[in-house]
Each structure stands twice: as C-alpha cells, then as structure tokens.
Undergrad: 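Take a look at this one; I'll ask things after.
Just so it is clear, the values below take in all heavy atoms, side chains as well, and ignore hydrogens, waters and symmetry mates. In what follows, residues are counted from 1 in the order of the sequence shown.
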Amino acid sequence: MAARRLAGIIGELLRNPTAAFGVIVVAILLFTALLAPVLASHDPNVVDLGNALSRPSSFHWFGTDELGRDVYSRLVYGSRISLTFIFIVSIIVGPVGLLVGTTAGYFGGWCDTVMMRITDIFLSFPSLILALAFVAALGAGLENAIVAIALTAWPPIARLARAETLTFRGADYIAASRMQGASALRIIVKSIMPMCLPSVLVRITLSMATVILTAAGLGFLGLGAQPPLPEWGAMMATGRRYMLDNWWLVAFPGGAILLVSLAFNLLGDGLRDVLDPKQK
C-alpha cells in the first residue's frame, strides 16, 4: 500500500514539468552521492601542483583548483556532504518541530504561550545569522554546523504544526478519543501528528534549499566543513581569490548550489500540490 502510494505521488510529480525537474535533479544528486567513487574521475584530495589552475579539458572536465585538485571530482564528492546536511537536519527538525507545534496547539493556554514565544525568539533572527552565532559558540566543523542549522530550522515547522493542530483539536474524532480515555500523548501522536504530516513534509522539503544555502554560507566563511573536505561553499571561498582569471573555480560550485536549491524548491511546490487536498 505504501509503495503504491509513493509510486502514485511520484507519478503525479512527474506530470508537472517544474516538479519533474526537481525530482530529476534530486534523483541525480542521490545517484551522484551514492556512486561518487565510480563517477569521480580523480581522487578529490590528491594535490598536483604541476596542473594547478588548469582550464576545463577532456582530462579535467571542470578544470583544477589552486592545488591542482580536480574540480569535477570534488563536486561529485561534495554532493555527499550536501546530502549529509539535508538528511541529518531533516531527521532532527521534523520530529522536533512537529512535537513542539502539536503540543502547543493541543494544550493551548500557558503551554502554547511559552512554546510559541520561544519559537518567536528563534524566528526573529535570520537563519544564517543565528547559525553563525551557534557555530561561534560550538566551534567550526561539519558536525557543529549541522547542529547549528538544525537549531535554526525547526521553528517554521513548529509554527505550521501548531496552526494545523488548532484546526484539528476540536474535531469530533478527537473528542471521541478523549471520551474513550485516550491520553493526551496518544491523541497527539496517533490522531493529530498524522494529519499534520503532509504539510510538514512539504515544509521540510522547501526548507532544504535554505539548509543548503546556510551550509554553503558557513562553508564559505570557514565555519562549516573544514579542508580538505570538498564542500561546495568552501570551494567557492578558496576559488574567489582566483576567479577573475579562473572562472571555473566559482562557477561550477555556485552552479551546483543554485541548481540543487532550485530543485528542492520546485519539488516542495510540487509536493504541496499533490499532498494538499485544497490545491486540487
């Protein structure tokens, strides 16, 4: 049943040209990350100073950087880092935002007030600025960057889950569950969260573009993945010193960030059209 439902959703997405573009790009990203050792033409960390700053050619498809490392191979392996950010942040912010939002919406009163004021504090800062503050406190590095981005990404999901919960908590089936003696935790987990899940999934997908851009921003500033990891933002940071004469050092990593961010936005829009019955 779940497999047929998933196949049906993918089929509807592929019938929408913009959503199909997002699906294809995300599928290519997954395929590239899984088969990076096969698809890469060179070792991404091997230094070859004799070929430093070589232009794109049949041997180095996207040229080489200032240390002679193959840019194409580093982009391929960099897709793994981008997917690491996306996967770990998603499995953190989804449950946290869903739990906070549904709990606040179901109980209301002081619980709602306290949780939403905390959420408002997080929302009052731009995500990149807040992530910079957390990374400054935690220290630079891939793991700390993931934690920092996760801490900034859950509030919009909590807000959405709360709004959805406010529309469901007065429904007859919720009242019937309460009269049968179901606990508040059981009602939230079994009855309310499944109803909020489609909207939350759409929101998480749309947030992935922000996650990628924030991760690239942290990498560009030297606070994310550290050398020699081939993170796309860090590649742009090192290449900007040579970009006037060696355009490929920033053009290809920047194009990858743009393409993947756009794909997740289009995929999120397509999922909203498929999963939201009000859109049909």
Side-chain angles (χ1 to χ4, degrees), residues 1-10 12-13 19 22-23 26 83-123 127 146-211 264-265 267-280:
M1 181 66 72
R4 286 199 298 270
R5 175 60 176 160
L6 179 61
I9 292 174
I10 294 176
E12 291 189 47
L13 289 173
V23 171
V26 171
L83 280 179
T84 299
F85 274 104
I86 291 170
F87 177 73
I88 298 180
V89 170
S90 296
I91 63 176
I92 294 175
V93 303
V96 170
L98 192 58
L99 180 61
V100 171
T102 53
T103 302
Y106 179 77
F107 287 107
W110 67 267
C111 179
D112 183 27
T113 300
V114 171
M115 288 186 171
M116 288 302 102
R117 295 300 77 78
I118 295 174
T119 303
D120 289 339
I121 292 173
F122 280 86
L123 288 173
S127 59
I146 292 173
V147 172
I149 294 173
L151 289 173
T152 65
W154 66 267
I157 298 173
R159 272 290 183 185
L160 176 62
R162 174 185 177 271
E164 294 278 336
T165 302
L166 290 176
T167 64
F168 296 138
R169 70 177 183 179
D172 292 340
Y173 73 94
I174 299 295
S177 298
R178 195 180 298 116
M179 291 177 63
Q180 290 175 355
S183 65
L185 179 61
R186 181 178 179 83
I187 292 174
I188 291 173
V189 174
K190 296 291 186 178
S191 301
I192 296 179
M193 283 188 178
M195 299 298 292
C196 300
L197 197 56
S199 298
V200 169
L201 288 175
V202 171
R203 179 64 201 186
I204 290 175
T205 305
L206 290 170
S207 298
M208 290 305 100
T210 303
V211 170
F264 274 105
N265 274 325
L267 178 58
D269 288 337
L271 281 175
R272 180 189 58 199
D273 296 338
V274 172
L275 298 178
D276 188 353
K278 295 189 290 294
Q279 299 289 331
K280 298 181 180 180

Undergrad: Do Phe264 and Val211 have side-chain heavy atoms sitting under 4.5 Å apart?
TA: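 The answer is no; the side chains never approach within 4.5 Å.
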Undergrad: Check whether any side-chain N or O of Arg169 sits under 3.5 Å from a backbone N or O of Gly105 as a donor-acceptor pair, and report yes or no.
TA: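 Here the side-chain-to-backbone pair exists.
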Undergrad: Closest approach of Val100 and Ala158, non-hydrogen atoms and distance?
TA: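 Looking at all heavy atoms of both residues, the closest pair is CG1-CB, 4.1 Å.
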Undergrad: How long is the span from the CG atom in Leu160 to the CD1 atom in Ile157, to the nearest 0.5 Å?
TA: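 CD1 of Ile157 is found 8.0 Å from CG of Leu160.
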Undergrad: Going by side-chain contact (heavy atoms from CB on, under 4.5 Å), Thr103 matches just one of Asp112, Ile188, Ile192. Which one?
TA: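 Only one of Asp112, Ile188, Ile192 forms a side-chain contact (heavy atoms from CB on, under 4.5 Å) with Thr103, namely Ile188.
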Undergrad: So among Leu201, Asn265, Leu271, which one has a side-chain contact (heavy atoms from CB on, under 4.5 Å) with Leu206?
TA: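 Exactly one option meets the side-chain contact (heavy atoms from CB on, under 4.5 Å) with Leu206, and it is Asn265.
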Undergrad: Hey, does Val93 have a side-chain heavy atom less than 4.5 Å from the side chain of Ser207?
TA: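 No, every pair of side-chain atoms sits at 4.5 Å or beyond.
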Undergrad: Calculate, to the nearest 0.5 Å, the distance between atoms OG1 and CH2 belonging to Thr119 and Trp154 respectively.
TA: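 Separation between the atoms: 3.5 Å.
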Undergrad: Is it the case that the side chain of Thr167 and the backbone of Glu164 share a donor-acceptor pair, with hydrogens and angles ignored and the cut-off at 3.5 Å?
TA: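 Looks like yes, one N/O pair under 3.5 Å.
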Undergrad: Please report the shortest heavy-atom distance between Thr210 and Ser127, naming the atom on each side.
TA: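 Scanning both residues completely, I find the closest heavy atoms to be CG2-OG, 3.9 Å.
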Undergrad: Any chance you could measure Thr113, atom OG1, to Ile118, atom CD1, to the nearest 0.5 Å?
TA: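 Thr113 atom OG1 to Ile118 atom CD1 measures 11.0 Å (nearest 0.5 Å).
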Undergrad: Give the minimum heavy-atom separation between Thr102 and Cys196, together with the two atoms involved.
TA: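 Taking Thr102 first and Cys196 second, the nearest heavy atoms are CG2-SG, 4.1 Å.
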Undergrad: For the CD1 atom of Ile86 and the CD1 atom of Ile204, what is their distance to the nearest 0.5 Å?
TA: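 The CD1 atom of Ile204 is 12.5 Å from CD1 of Ile86, to the nearest 0.5 Å.
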Undergrad: Is it true that, when you exclude Phe87 itself, more than 12 heavy atoms of the residues, nucleotides or ligands shown sit nearer than 6.0 Å to its CZ?
TA: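 Check fails, neighbour count at 12 or below.
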Undergrad: Considering residues at least two apart in sequence or located in another chain, which fulfil the salt bridge (Lys or Arg N to Asp or Glu O under 4.0 Å) criterion with Arg159?
TA: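 Arg159 satisfies salt bridge (Lys or Arg N to Asp or Glu O under 4.0 Å) with Asp120 once adjacent residues are dropped.
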Undergrad: According to side-chain hydrogen bond (donor to acceptor under 3.5 Å, both in side chains), who are the partners of Arg178, at least two apart in sequence or on a separate chain?
TA: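 Checked Arg178 against side-chain hydrogen bond (donor to acceptor under 3.5 Å, both in side chains); matches are Tyr106.
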Undergrad: Please report the closest heavy-atom contact between Thr165 and Gly101, naming both atoms and the distance.
TA: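 Looking at all heavy atoms of both residues, the closest pair is OG1-O, 4.1 Å.
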Undergrad: Please report the interatomic distance CZ(Phe168) to OG(Ser191), rounded to the nearest 0.5 Å.
TA: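 If I round to the nearest 0.5 Å, the distance is 11.0 Å.
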Undergrad: How would you list, by chain and number, every residue that makes a ring-ring contact (aromatic ring centres under 6.0 Å, His included) with Phe107, sequence neighbours excluded?
TA: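 Here no residue qualifies.
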Undergrad: Determine the minimum heavy-atom distance between Gly97 and Ala161, stating which atoms define it.
TA: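 Smallest heavy-atom distance, with atoms named: O-CB, 4.0 Å.
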Undergrad: Tell me the closest heavy-atom pair linking Ala19 and Leu13, and the distance in Å.
TA: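 For Ala19 versus Leu13, the nearest heavy atoms are CB-O, 3.5 Å.
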Undergrad: If you round to the nearest 0.5 Å, how far is CE of Met208 from CZ of Arg203?
TA: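 Here the interatomic distance stands at 10.0 Å.
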